[in-house]
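Heads up, the thing below is written out as structure tokens.
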2 protein chains.
Amino acid sequence: MQQFTDRQIEIMEAATNRISKYGIQNLTIKTLAEDIGLSEPALYRHFKSKNEILLSLLEYFKTEMKNRIQSISFKPTDTTADELRAIFNSQLQTFTNKPAIVSVIFAESIFHFDESLSNIVTEIMDMMQEYVKTNIAKGQEKGQYNKLIGVSTLTTIIIGGMRMTVLKWKLSGHKSNLVKDGKTVLDGILKMIENN
Amino acid sequence: MQQFTDRQIEIMEAATNRISKYGIQNLTIKTLAEDIGLSEPALYRHFKSKNEILLSLLEYFKTEMKNRIQSISFKPTDTTADELRAIFNSQLQTFTNKPAIVSVIFAESIFHFDESLSNIVTEIMDMMQEYVKTNIAKGQEKGQYNKLIGVSTLTTIIIGGMRMTVLKWKLSGHKSNLVKDGKTVLDGILKMIENN
DNA sequence: TCTTTGCGAGTGAATACTAACTAACATAAA
DNA sequence: TTTATGTTAGTTAGTATTCACTCGCAAAGA
């Protein structure tokens, strides 16, 4: 029932950490094999190419993210804004626990020229965008959000603000408090769009 | 008085285009030399290393950006918001005219592990951030912007929203209208913070 | 005659990946 | 219970290719 073997997951995690610590240029089969304590050819027993390691890694995160967000349970008393807060809180918590993944999934610029890789990165971004878009449409419809700004523009602002917060956190060497800073940004935006 | 020779500028522009079209991995001395119609050793007559080409290229843009923004002339009737609009309009116009530069200066993830390169990218980002921060502080002080949100958080939201717009434009293959979309996002944010 | 700008022909190091082989183990026939 | 066979997961020792960069030399203009 498991999609990946233990060894495969070990390789994907090592690859993620390599990229996070030393950049994608430094992810070579050699360094990766050394990290795990295997020989280079041994890696090819588990993945047929280097590209497939990256591909699997992204697919793995995408599935995890989808499951995690969809299993968030909202309380009946939650406002639409509370639901959005819960989604981003979950996402930022995940990043905080596994900072390495951020370097990989926010890497459109790196993968932009490999179609298969950039497709998955785009899919992950689109998925997040859908959640936000749906939330905003619902909030506006319910009259919980004002309609000063259209759904699409507001989505861009929210996702943009959150991504910028993540970027700053990354540039700070993960020293800043991502969950808190992200909440501040989101609350700021919500303060401007929430009706009371 | 010119900081770079014609040939150097030619090389830097060719490098920018290479990166934009095929990614940083595809920027090699060989491909670059072919683009210009020179031999590989010839490039080393003009730059002492590949890294210096990238470094110079970023320095070149940084200087251009600083000069350009500082020479924007504001009308006496301009509001603080108009000034911010003018700054972003100038920036997005520049990106539209030279789309390739975007791939390079929005590439923290690529350069994150080369200190000299990441420093310049950070400096460029900080510069833009300073302009926005100053504008917001001024607008809030003058009472033209409300004070629902702090300067720092608001800066993150604005820069984040603009960067997200640029990213979408890039992912669309430069098909969308960056100047117009950027204006929509900025006007949206301003609508929420401007007092009337 | 220098200085600048170019070239052909290389260098060593690194890269993704492969060939050929083996020890350990599971399964199943004799 | 042996014995035969196949599979899994690893090894050492390579391959061809690509990379940034260098050497020594030539031509041309100031």
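In what follows, every chain begins at residue 1, and chains take the letters A, B, ... in the order their sequences are listed.
Within 6.0 Å of CD in B/Q70 there are more than 12 heavy atoms belonging to other residues, nucleotides or ligands.
At whole-Å resolution of the value, NZ in A/K30 and C1' in C/dT18 are 17 Å apart. The separation between A/L43 atom CG and D/dT8 atom P is 18 Å, rounded to whole Å. Here D/dA20 presents its P atom at 12 Å from CZ of B/R18, a figure rounded to the nearest Å. For the pair A/Q25 CD and D/dT18 C1', the computed distance is 16 Å after rounding to whole Å. Nucleotide D/dG10 holds its C1' atom 14 Å from the CD atom of A/E10, rounded to whole Å. Atom P of nucleotide C/dT18 and atom NZ of A/K48 are separated by 11 Å, given to the nearest angstrom. Between the P atom of D/dT18 and the NZ atom of B/K50 lies a distance of 15 Å, rounded to the nearest Å. One can place CD of B/E34 at 12 Å from P of D/dA20, the figure rounded to the nearest angstrom.
The side chain of B/R7 contributes an N or O atom lying less than 4.0 Å from OP1 or OP2 of C/dG6. Contact between the side-chain N/O atoms of A/H46 and the OP1/OP2 oxygens of D/dT8 is not found at any separation under 4.0 Å. Taking 4.0 angstrom as the limit, B/S39 places none of its side-chain polar atoms (N or O) nearer than this to OP1 or OP2 of C/dG6.
Checking C/dA16, C/dC7, D/dT11 against every side-chain atom of A/Y44, the shortest atom distance belongs to C/dA16. Out of D/dT11, D/dC21, C/dG8, the shortest distance to the side chain of A/A42 is found at D/dT11. In this structure, of C/dG8, D/dA20, D/dA13, it is D/dA20 that holds the atom nearest to the side chain of B/I29.
Two residues, A/P41 and A/T28, neighbour DNA chain C, and the one matched to the more 5' nucleotide by heavy-atom proximity is A/T28. Place A/E40 and B/E40 on DNA chain C by their nearest nucleotides, and B/E40 ends up nearer the 5' end. If you find the closest nucleotide of DNA chain D to B/N51 and to B/R45, the one lying nearer the 5' end belongs to B/N51.
Counting any heavy atom pair closer than 4.0 Å across all strands shown, A/I36 reaches no nucleic acid atom. Among the protein residues, A/L32 comes within range of no part of the nucleic acid, since none of its heavy atoms lies under 4.0 Å from any strand.
Looking at B/T16, its side chain does come within 3.5 Å of a backbone N or O of B/M12 through a donor-acceptor pair.
Between A/T153 and B/D181, every side-chain heavy-atom pair lies at or beyond the 4.5 Å cut-off.
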Original post:
Between A/T28 and A/T31, is a side chain to side chain donor-acceptor pair (under 3.5 Å) present by the stated rule, with each step listed?
Top reply: CA-CA 5 Å; A/T28 67; A/T31 59; 3.2 Å; yes
**OP:** Give the intermediate values and the outcome of side chain to side chain donor-acceptor pair (under 3.5 Å) for residues A/N51 and A/D114.
**Re:** CA-CA 9 Å; A/N51 228 30; A/D114 179 302; 2.9 Å; yes
